[in-house]
Visitor: 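Sharing a structure here in structure tokens format.
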Amino acid sequence: MSWPGTPGGATRAERQPCHYKAYVPDPLLGRPLNLTAQRAADVSDVERRLVKLNASPRALISLEALARLLLRAEAVASSFIEGLQINVRRLAKADVASRTGIDAHDDTAHAVLGNVRAMESALELADAPAVYVTDILEVHRRLLNGTRDARFGGLIRTEQNWVGGTGMSPCGADFVPPPPDRVHPLLEDLCAYMSGDDHPALVQAAIAHAQFETIHPFIDGNGRTGRALIHLILRRRGLAPRFAPPISLILASHADAYISALTAYRYEGASDSPQAQEGMGACLDRFVADTARASIDTDRFGATLDTLEREWRGKLGRVRAGSSVDLLLRVLPSAPVLTATTAADLIGRSAQRANDAVNQLAAAGVLKQTTIGRRNRAFEVPDLINALTGFERALASPLGDTRQAAPARPVPYRP
């Protein structure tokens, strides 16, 4: 294909016309996929691990609280891949500010919270009979809502885009997605594939994600939208009915391997060729390995949260079952920062009862008073913030411990 040149290019080469190749993937419907016995066994093992993780009752914490916390962690990790860096405390304060109508003046936090909304939107589609292009557009719209790129939300690109290179033209880019006139048909095929069950659920999630990133249908937010679709498929197919482990935390830690896997997926030639099959298989290997790692570490993190709640209850002494304090302790893992108003929403009790419970937890040292904005009283959960920060740091290490192996990506400072 021909590029007319970029008039505003900094160099003569950038201003000159050039030729480039855009990659158009084969449709997913009817595309052959031959899994080796080893890959099929690995997929089955990790799928069983996901089911067990969702079915295992935690000792004290509510699974709903853990699900909200993991969703937030997943959104943060997805943002790290896109270059949006934020720590737990800052995001939690911005979240509370948004819920209570306070302007936090934090564009980065708004963008990351957009990731949370996008993933929530994707999960809402899990019970629908089919997935449509309009559903993906809505996920993307929510992703960009409230950011400086909100005007692009939910709009399929009408121009050629590319990844890498100088940024001035697709010539010399690392990857050039399909031309804009091929995008909508490819999205329709992708949605039809996601609506079916031709492949095991974990395989479907890996292939659909890679296909979406290859189509690259939006001006911005493709990576975050594609990772939200992973959650949709895992819940839709029944592997993660309650929550999915934060797979993007692992993808972000293995960024080079992640990009290599996507590159391998973009085979050339016939879809039934050995090269094509091995390319898709290599992409699947990366996804399965990262999902296994995320599942193992999520189980450990859940045990850490159980321990925290036992310690909190020990500080309070005897807590009456079903009381506002009891209810707040159960959902506290989902709220690193809260106010009396957000606490009332979490436990479904009156503002007065929620305020009394918050004050009891603060007096016992479970909560620590802080502010949002200039003078809006709020409370943070120091133990939880420290635990979640440690969780994010551990998942950024190739060995699961930053003291044994340095983080492979930016992470919050150790408390």
Side-chain angles (χ1 to χ4, degrees), residues 60-76 79 86-121 123-124 142 145-147 243 305 308-309 311-313 315-316 319-389:
L60 292 171
I61 63 169
S62 73
L63 288 174
E64 183 181 359
L66 179 58
R68 284 197 294 267
L69 195 61
L70 290 176
L71 190 67
R72 183 182 290 115
E74 173 78 12
V76 172
S79 301
I86 191 169
N87 62 32
V88 176
R89 181 180 285 105
R90 178 178 164 193
L91 179 63
K93 284 190 171 185
D95 187 23
V96 171
S98 176
R99 292 175 186 275
T100 53
I102 300 171
D103 191 349
H105 301 289
D106 191 331
D107 290 341
T108 299
H110 276 303
V112 178
L113 290 173
N115 281 2
V116 178
R117 289 190 294 269
M119 291 189 178
E120 290 173 342
S121 177
L123 294 181
E124 290 172 2
R142 293 196 186 188
N145 186 39
T147 72
F243 55 81
L305 296 180
L308 281 182
E309 187 177 345
E311 292 174 353
W312 295 337
R313 290 179 181 273
K315 291 180 179 180
L316 285 159
V319 176
R320 181 171 56 84
S323 66
S324 296
V325 172
D326 177 54
L327 295 176
L328 186 55
L329 285 170
R330 290 181 179 278
V331 299
L332 204 58
S334 69
V337 175
L338 73 163
T339 65
T341 299
T342 59
D345 291 338
L346 282 171
I347 66 176
R349 296 292 173 87
S350 68
Q352 182 60 54
R353 289 191 177 185
N355 187 64
D356 291 343
V358 166
N359 287 335
Q360 287 186 55
L361 266 62
V366 175
L367 302 180
K368 177 182 177 182
Q369 186 168 324
T370 185
T371 58
I372 297 177
R374 291 186 176 181
R375 57 179 70 90
N376 300 285
R377 189 177 78 140
F379 295 85
E380 61 183 47
V381 192
D383 292 340
L384 178 59
I385 290 174
N386 292 346
L388 186 52
T389 300

Visitor: Considering all heavy atoms of both residues, which atom of Ala344 and which atom of Ser350 are nearest to each other, and what is their separation?
Guide: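 Distance-wise, the nearest heavy atoms are CB-O, 4.1 Å.
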
Visitor: Closest heavy-atom contact between Ser324 and Arg353?
Guide: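 Closest pair (atom of Ser324, atom of Arg353, distance): OG-CB, 3.6 Å.
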
Visitor: Heavy-atom distance under 4.5 Å between the side chains of Leu384 and Leu305, does that happen here?
Guide: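 Sidechains of Leu305 and Leu384: in contact.
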
Visitor: Quick check: closest heavy atoms across Pro382 and Lys368, and the distance to 0.1 Å?
Guide: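 That would be CG-CB, 3.8 Å.
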
Visitor: The criterion is salt bridge (Lys or Arg N to Asp or Glu O under 4.0 Å); which residues satisfy it with Glu311, sequence neighbours excluded?
Guide: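 So Glu311 forms no salt bridge (Lys or Arg N to Asp or Glu O under 4.0 Å) with any residue.
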
Visitor: Looking at every heavy atom in both Arg349 and Ser323, which two are closest together, and how far apart are they?
Guide: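 That closest heavy-atom pairing would be NH1-C, 4.1 Å.
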
Visitor: Are the side chains of Leu367 and Val358 in touch, meaning some heavy atoms are under 4.5 Å apart?
Guide: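 Yes. Closest side-chain heavy atoms under 4.5 Å.
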
Visitor: State, to 0.1 Å, how close Ile372 and Lys93 come at their nearest heavy-atom pair, and which atoms those are.
Guide: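 Heavy atoms only, the tightest pair is CD1-O, 4.0 Å.
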
Visitor: Scan Thr342, Thr341, Asn376 and name whichever one has a side-chain contact (heavy atoms from CB on, under 4.5 Å) with Val96.
Guide: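 That would be Thr342; it is the only one of Thr342, Thr341, Asn376 passing the side-chain contact (heavy atoms from CB on, under 4.5 Å) with Val96.
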
Visitor: Can you find a pair of side-chain heavy atoms, one from Val381 and one from Leu332, that are under 4.5 Å apart?
Guide: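 Yes, at least one pair of side-chain atoms sits under 4.5 Å.
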
Visitor: Mind checking the CG-CZ spacing from Leu316 to Arg313? Nearest 0.5 Å is all I need.
Guide: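 Rounded to the nearest 0.5 Å, the CG-CZ separation comes out at 8.5 Å.
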
Visitor: Let's go through Leu346 and Leu327 carefully: what are the C-alpha distance in whole Å and the side-chain angles of both, what is the deciding distance for side-chain contact (heavy atoms from CB on, under 4.5 Å) to 0.1 Å, and is it a yes or a no?
Guide: CA-CA 9 Å; Leu346 282 171; Leu327 295 176; over 6 Å; no

Visitor: Listed by chain and number, what are the salt bridge (Lys or Arg N to Asp or Glu O under 4.0 Å) partners of Arg89, not counting sequence neighbours?
Guide: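 Listed in chain order: Glu380.
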
Visitor: Rounded to the nearest 0.5 Å, what separation is found between the OG1 atom of Thr339 and the CG atom of Asn355?
Guide: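 Answer rounded to 0.5 Å: 9.5 Å.
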
Visitor: Any luck finding a side-chain donor-acceptor pair between Asp356 and Gln360 under 3.5 Å?
Guide: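 The criterion, which ignores hydrogens and geometry beyond distance, is not satisfied for Gln360 and Asp356.
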
Visitor: Would you say Asp326's side chain and Gly322's backbone share a donor-acceptor pair under 3.5 angstrom?
Guide: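 Present.
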
Visitor: Please walk me through it: do Val331 and Ile347 pass side-chain contact (heavy atoms from CB on, under 4.5 Å)?
Guide: CA-CA 8 Å; Val331 299; Ile347 66 176; 4.0 Å; yes

